[in-house]
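For clarity, every value in this text was computed on a predicted model and none was experimentally measured. Scope of the values below: all heavy atoms of this structure, side chains included, with no hydrogens, waters or symmetry mates.
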Amino acid sequence: RDCDDFSIMIYGTIKRFQGYYYNSSLAIGMIIGKTTLESENGHVVNIFINDKYEIKCFEPQDDRLDDCNKMMEVLYEIIM
């Protein structure tokens with residue numbers, strides 16, 4: 001599986017179950033872009049806003065959590 005497959009599965013699973021545990025929508029989505037300016041390949045990571053209103057990214061292939069600007073240098077789309 002590729003990064004987009006993992007990212008879509010995480011996004012869909014959280015969106016599907018959020019109604020069972022929360023009274024409102026969670027601020028979670030996906031970023032489509034590139035990890036570096038020089039990269040020829042695209043990449044997809046999950047994005048969310050935490051309880052401190054910080055925007056964080058989650059790498060779906062290796063479970064890495066970090067600031068989005070440390071993971072993605074080029075953004076094509078943000079899906080929330």
Side-chain angles (χ1 to χ4, degrees):
R1 297 194 182 229
D2 295 328
C3 58
D4 55 334
D5 296 324
F6 285 108
S7 185
I8 289 168
M9 287 188 317
I10 290 170
Y11 177 76
T13 300
I14 291 172
K15 285 295 190 182
R16 184 175 52 166
F17 287 110
Q18 72 184 358
Y20 295 112
Y21 303 104
Y22 300 97
N23 292 327
S24 59
S25 293
L26 299 175
I28 185 167
M30 299 183 304
I31 292 179
I32 301 167
K34 295 193 301 186
T35 55
T36 64
L37 293 171
E38 298 80 24
S39 177
E40 293 185 17
N41 300 319
H43 193 58
V44 181
V45 297
N46 292 96
I47 182 174
F48 68 95
I49 301 172
N50 66 16
D51 59 349
K52 297 177 185 173
Y53 302 104
E54 300 168 325
I55 299 173
K56 298 289 184 177
C57 279
F58 177 76
E59 171 57 64
Q61 291 181 297
D62 65 11
D63 298 339
R64 190 167 36 107
L65 178 68
D66 209 341
D67 294 331
C68 293
N69 63 341
K70 293 180 182 175
M71 285 193 184
M72 302 289 277
E73 288 187 10
V74 179
L75 305 179
Y76 294 130
E77 293 185 51
I78 299 175
I79 302 168
M80 294 296 280

The reported gap from SG in Cys3 to CG in Asn41 (rounded to nearest 0.5 angstrom) is 9.0 Å
Cluster question for you: counting only ILVMFWY and a side-chain heavy-atom cut-off of under 4.5 Å, with indirect links fine, are Ile55 and Leu75 together?
yes
Review point. Applying the 4.5 Å side-chain criterion to the ILVMFWY set and letting contacts propagate, would Ile78 and Val45 be lumped into a single cluster?
Key: yes
Exercise. Between Lys34 and Ser39, is there a donor-acceptor pair closer than 3.5 Å when you use the side chain of the first and the backbone of the second?
Worked result: yes
Rounded to the nearest 0.5 angstrom, the CE-CD distance for Met30 and Glu77 is 9.0 Å
Correct closest heavy-atom pair for Val74 and Thr36 would be CG2-O, 4.2 Å
Here the gap from Phe58 atom CZ to Tyr11 atom OH, rounded to the nearest 0.5 Å, amounts to 16.0 Å
Here the pair of heavy atoms bringing Tyr21 nearest to Phe17 is CD1-O, 3.2 Å
Between Met80 and Ile47, does the side-chain contact (heavy atoms from CB on, under 4.5 Å) criterion hold? Intermediate values first, please.
CA-CA 8 Å; Met80 294 296 280; Ile47 182 174; 3.9 Å; yes
From the list Asp2, Ile8, Asp4, side-chain contact (heavy atoms from CB on, under 4.5 Å) with Val44 holds only for Asp4
| query | Lys15 side chain to Ser25 main-chain N or O, any donor-acceptor pair under 3.5 Å? | reply | no
For Tyr76, the ring pair (Phe, Tyr, Trp, His ring centres under 6.0 Å) test, sequence neighbours excluded, returns none
Interatomic distance, CG@Asn46 vs CE@Met71, rounded to 0.5 Å, equals 10.0 Å
Next item on the list: Check for a donor-acceptor pair, side chain of Asp62 on one end and backbone N or O of Arg64 on the other, with a separation under 3.5 Å.
Entry: yes
In this structure, CG of Leu65 is separated from CZ of Phe48 (nearest 0.5 Å) by 4.5 Å
Note: Ile31 and Met72 closest approach over all heavy atoms is CG2-CE, 4.0 Å
Nearest heavy-atom contact between Ile10 and Pro60 is CD1-CB, 3.6 Å
Exercise for review: Would you mind checking if Lys56 and Asp66 are paired as a salt bridge, meaning a charged N to carboxylate O distance below 4.0 Å?
Suggested key: no
side-chain hydrogen bond (donor to acceptor under 3.5 Å, both in side chains) filter on Glu54, not counting sequence neighbours, yields Asn50
Rounded to the nearest 0.5 angstrom, the CD1-NE2 distance for Ile32 and His43 is 11.5 Å
In this structure, would Tyr22 and Ile28 fall into the same cluster of hydrophobic residues linked by side-chain contacts under 4.5 Å? yes
